[in-house]
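Remarks on the structure that follows.
Residue numbers begin at 1 in each chain, while the letters A, B, ... track the order of the sequences. Side chains are part of it too, since the values below use all heavy atoms of this structure and drop only hydrogens, waters and symmetry mates.
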Protein chains: 4
Amino acid sequence: MENLKLAGINGHTAERTIITVGKVRIGAEFVVIAGPCSVENEEQTIKTAIQVKEAGAHILRGGAFKPRSSPYAFQGLGIKGLQILEKAKKETGLPVVTEVLDPRDVSWICEYADILQIGTRNMQNFSLLKEVGKAGKPVLLKRGMYSTLKEWLNCAEYVLAEGNPNVILCERGIRSFETYTRNTLDLAIVPSVKEVTHLPIIVDPSHGTGRMSLIEPMSLASVAAGAHGIMVEVHCNPGEALSDGDQSLPPSMFADMMKKIEFINSCMKKINTLKDK
Amino acid sequence: MENLKLAGINGHTAERTIITVGKVRIGAEFVVIAGPCSVENEEQTIKTAIQVKEAGAHILRGGAFKPRSSPYAFQGLGIKGLQILEKAKKETGLPVVTEVLDPRDVSWICEYADILQIGTRNMQNFSLLKEVGKAGKPVLLKRGMYSTLKEWLNCAEYVLAEGNPNVILCERGIRSFETYTRNTLDLAIVPSVKEVTHLPIIVDPSHGTGRMSLIEPMSLASVAAGAHGIMVEVHCNPGEALSDGDQSLPPSMFADMMKKIEFINSCMKKINTLKDK
Amino acid sequence: MENLKLAGINGHTAERTIITVGKVRIGAEFVVIAGPCSVENEEQTIKTAIQVKEAGAHILRGGAFKPRSSPYAFQGLGIKGLQILEKAKKETGLPVVTEVLDPRDVSWICEYADILQIGTRNMQNFSLLKEVGKAGKPVLLKRGMYSTLKEWLNCAEYVLAEGNPNVILCERGIRSFETYTRNTLDLAIVPSVKEVTHLPIIVDPSHGTGRMSLIEPMSLASVAAGAHGIMVEVHCNPGEALSDGDQSLPPSMFADMMKKIEFINSCMKKINTLKDK
Amino acid sequence: MENLKLAGINGHTAERTIITVGKVRIGAEFVVIAGPCSVENEEQTIKTAIQVKEAGAHILRGGAFKPRSSPYAFQGLGIKGLQILEKAKKETGLPVVTEVLDPRDVSWICEYADILQIGTRNMQNFSLLKEVGKAGKPVLLKRGMYSTLKEWLNCAEYVLAEGNPNVILCERGIRSFETYTRNTLDLAIVPSVKEVTHLPIIVDPSHGTGRMSLIEPMSLASVAAGAHGIMVEVHCNPGEALSDGDQSLPPSMFADMMKKIEFINSCMKKINTLKDK
């Protein structure tokens, strides 16, 4: 693809990007990011954080600023949410990823977050991309629900062009006519991404399907498709979640799933050894 | 539609919103917004402005900050572009609409613009919506290329909820599998919008089709579908445009089209009289 | 577009195809096809036929063989339905268009129908296309709800390649993520079609929108976009229709709409005279 | 889902359908269907058949009647193609699946085919569905590239309602705006299908992606997502294929992939044992 001066593989065999966050090496090992959709209160967040940590998650997710369709829906706890995430990090040692919505918030959110998330609705918010490009923290860039591979990688290029090489791509489903699932998870984009860019690519099966029952099979499929990780919504009590309860796993289901992921991941490592022969 | 406390018609027959900008009454008379995609330089902009004014356009459009897919594409002239628009306004008397990309720019762009445009990629940039809601200037809110009617109106609600009642909706085409046109212009959204909200709705056939040859028929169809106006890209020399040359009309074609629009508009007025009998 | 040996304009200025059915000249005058979705019984069909004739319709539509999503839904009256259409034709003098679903039925349905309709689900039913190509009767070829312009014209080419030059294209909406309307009516396809093929193009705003309230504005917009006609579902009692009641006009609304169509059509004729100057 | 009297699970825990074809038990073991897109000649077909058999495929695919976008493209060898498939079957012992396009052909194609394929363009060709329902042979029903889960299962219901319980569903990608891949493979439909119907579900990663390089990762992902099998295009010389060369695997790549599929499949069996605990 033309114009991807920094993000593209561009013919020559670029080394794949590995992004180190604490002890986690994104792009090198299969990474599981888990946690609640929204930070709702201290108890819910810390409880969930401990549970996902025990089950084997590597990074904690949690939204303090929530992009909601309606102005009258819960908009997140804001700075209070970030302070709760900070406590959860101290409690568990897990690095934190959280979404940033406004270029004016980038610098101070950096004090709380280990990874800045750009959501699907802001994929082409170029002011925000430039700002997180300057901030230096790793960026988790979700694919726009309407965006082609080419447009997505050009948005990564916006971040890279500001001098920040640490972009993690995240497939989270695109829009189609199908209504059984909330979005259409485009899993073939995983090996496609790996053909054209050296950046790591993870999958969000929670938003990608919108259904609790589909998260596990799509997580396993993500491992098999070659993803570098997944990002999953886990809530200590999905039925009472303020947002995305339908697509959040309870901690017990998450723990079960983690065992299967470890198993299939070790299987894939062996398969990749076959590949190299 | 639920939750549209301010944007919705909500059962009772709300009066339709009319937005006054200079002498133009958007929502009351058919309004034509025309001008270049990008402000490229003073000569091009003023020349085009004079030509669209002479042909009968009511408002001048022109981008000073351009949201471009690639970071290496022309990003607009920025403040210099706004100053050129100011001159074009003085020269022609036409009010100016220009796009704003960043919440930090809203207050000072207000000094140059009569209407603030929110582009399709920023439809759900909620920080930006809140900021233009506070700014007080009328807002032209383009439909997200991936967005449902309900999501779009909720974004209008974000602006209204900040105390700014002056939102103009603009259909600009959605994404589909069809590749002959750049987007799929969803003209049925025009009467649909009028069923559920009192806000005015205009159509952008330039982005909606991406082809110069389709702008005129789709503009006439917009009038017949009941739109309150159109927004058209006109360039004094489309072949040399720095952006969107393929979908810009040369001034002569625009002037021809304007005669037809006036004709069909007067025809529609008579038809609407039939309706009331 | 390559490979459209017969359907394409192919550089040289082909004369546009005009298809004569009884006194109607499709492609030359604006044609209105109207009638019930399904032929349900003699009374309903003949009553509706008389009403649409009185309102000015040129051709009667009515389905005897219905392609239904579920095997347990009403499948149409079959041959009995065709016999009813024959009576309605005798009563009103209106030529009849009806859908054919099976290549085995083509030859004998030809005895009842003046125009054979290929529905959206059968657009790429190549056996059926070849059979109607051989049958000689004019063919109304609906666009597949998933099909590109190129694919659609290639299906017309299938009919033409069998020696049948009389294909009427019919846009009926495509699939998108928008759910307010049943389909997304792609009105820009009308002038697009006219750029690449000499075949006539009509619009079906009933299926294209799926909402009674949107049929009139989209019909007027079709005239303005340059369509050669429309195809509208009319039912003497939409609330009791066995299929598509939500998108059928009652005869009184249809009659009102016809006056407006005549008015805007005469307006468009004047505009086209302007064009030629 | 309502109206799925026979195809639906409908609350009670139906036993899952297992379809026996020769020694193959579809729905019970992971099944690999492989072979050329089109039967082009005896040498190509038998050579490919032997190679896929040796690599471990269970069923041979090959098209004798090809649904092609253009009437001027290679339309398949017809009955000659079926005779070649018969020879390939004798040579290898592999059961044969081949596409049927026309209800008039069903009865005699049954003499050559072990499984009748309904292609994506004919998913809602209800005449054809009824005919294959009567014929008694197992039916491989591809999802329409535009169809929802509900519509697809209703098409299976058409076959079942004729007394034929042996329907294999096949996901082959749907249409979206993404152009890097030929279609968007909707892998989440696999566990979704298993939630609402007892029929087996396989995946076609060749059409689903349209790119040779994506077939292996998407095949492995299909296993992990819980599919009952895959259907893959293999050509002894993809560069010279008369159709779909870009998405056909050469036999060596197919053989490599089969080893990995066996490995991940045994891994998934162990995971499913974990599940039952």
What distance separates [X] [atom1] from [Y] [atom2], expressed to the nearest 0.5 Å?
X      : Y      : atom1 : atom2 : answer
C/L220 : B/I264 : CG    : CD1   : 9.0 Å
C/K270 : B/K260 : NZ    : NZ    : 15.5 Å
B/L149 : C/T181 : CG    : OG1   : 8.5 Å
C/I271 : B/E262 : CD1   : CD    : 10.5 Å
B/L214 : C/I189 : CG    : CD1   : 9.0 Å

Does this structure show an ion pair linking B/K150 with C/E178, if we count only N-O contacts that are shorter than 4.0 Å? no
Top contributor to chain B interface from C/F263, C/Y146, C/F177 [non-hydrogen pairs under 4.5 Å]: C/F177
Which one wins on heavy-atom pair count under 4.5 Å against chain B: C/S147, C/G208, C/S219, C/S176? C/S147
Atom group of [X] that falls short of 4.5 Å from chain B, counting heavy atoms:
X      : result
C/T148 : both
C/V196 : side chain
C/Y180 : side chain

Determine whether B/L187 and C/L185 make a side-chain contact, defined as any pair of heavy atoms from C-beta on separated by less than 4.5 Å. no
Using heavy-atom distances under 4.5 Å, tell me whether [X] contacts chain C through its side chain, its backbone, both, or neither.
X      : value
B/V190 : neither
B/S192 : both
B/S213 : both
B/R175 : backbone
B/I174 : side chain

Taking all non-hydrogen atoms of both residues, which atom of B/A225 and which atom of C/M218 are closest, and how far apart? CB-CE, 3.6 Å
In terms of heavy-atom pairs under 4.5 Å, which option from B/K259, B/E151, B/K194, B/R143 contacts chain C the most? B/R143
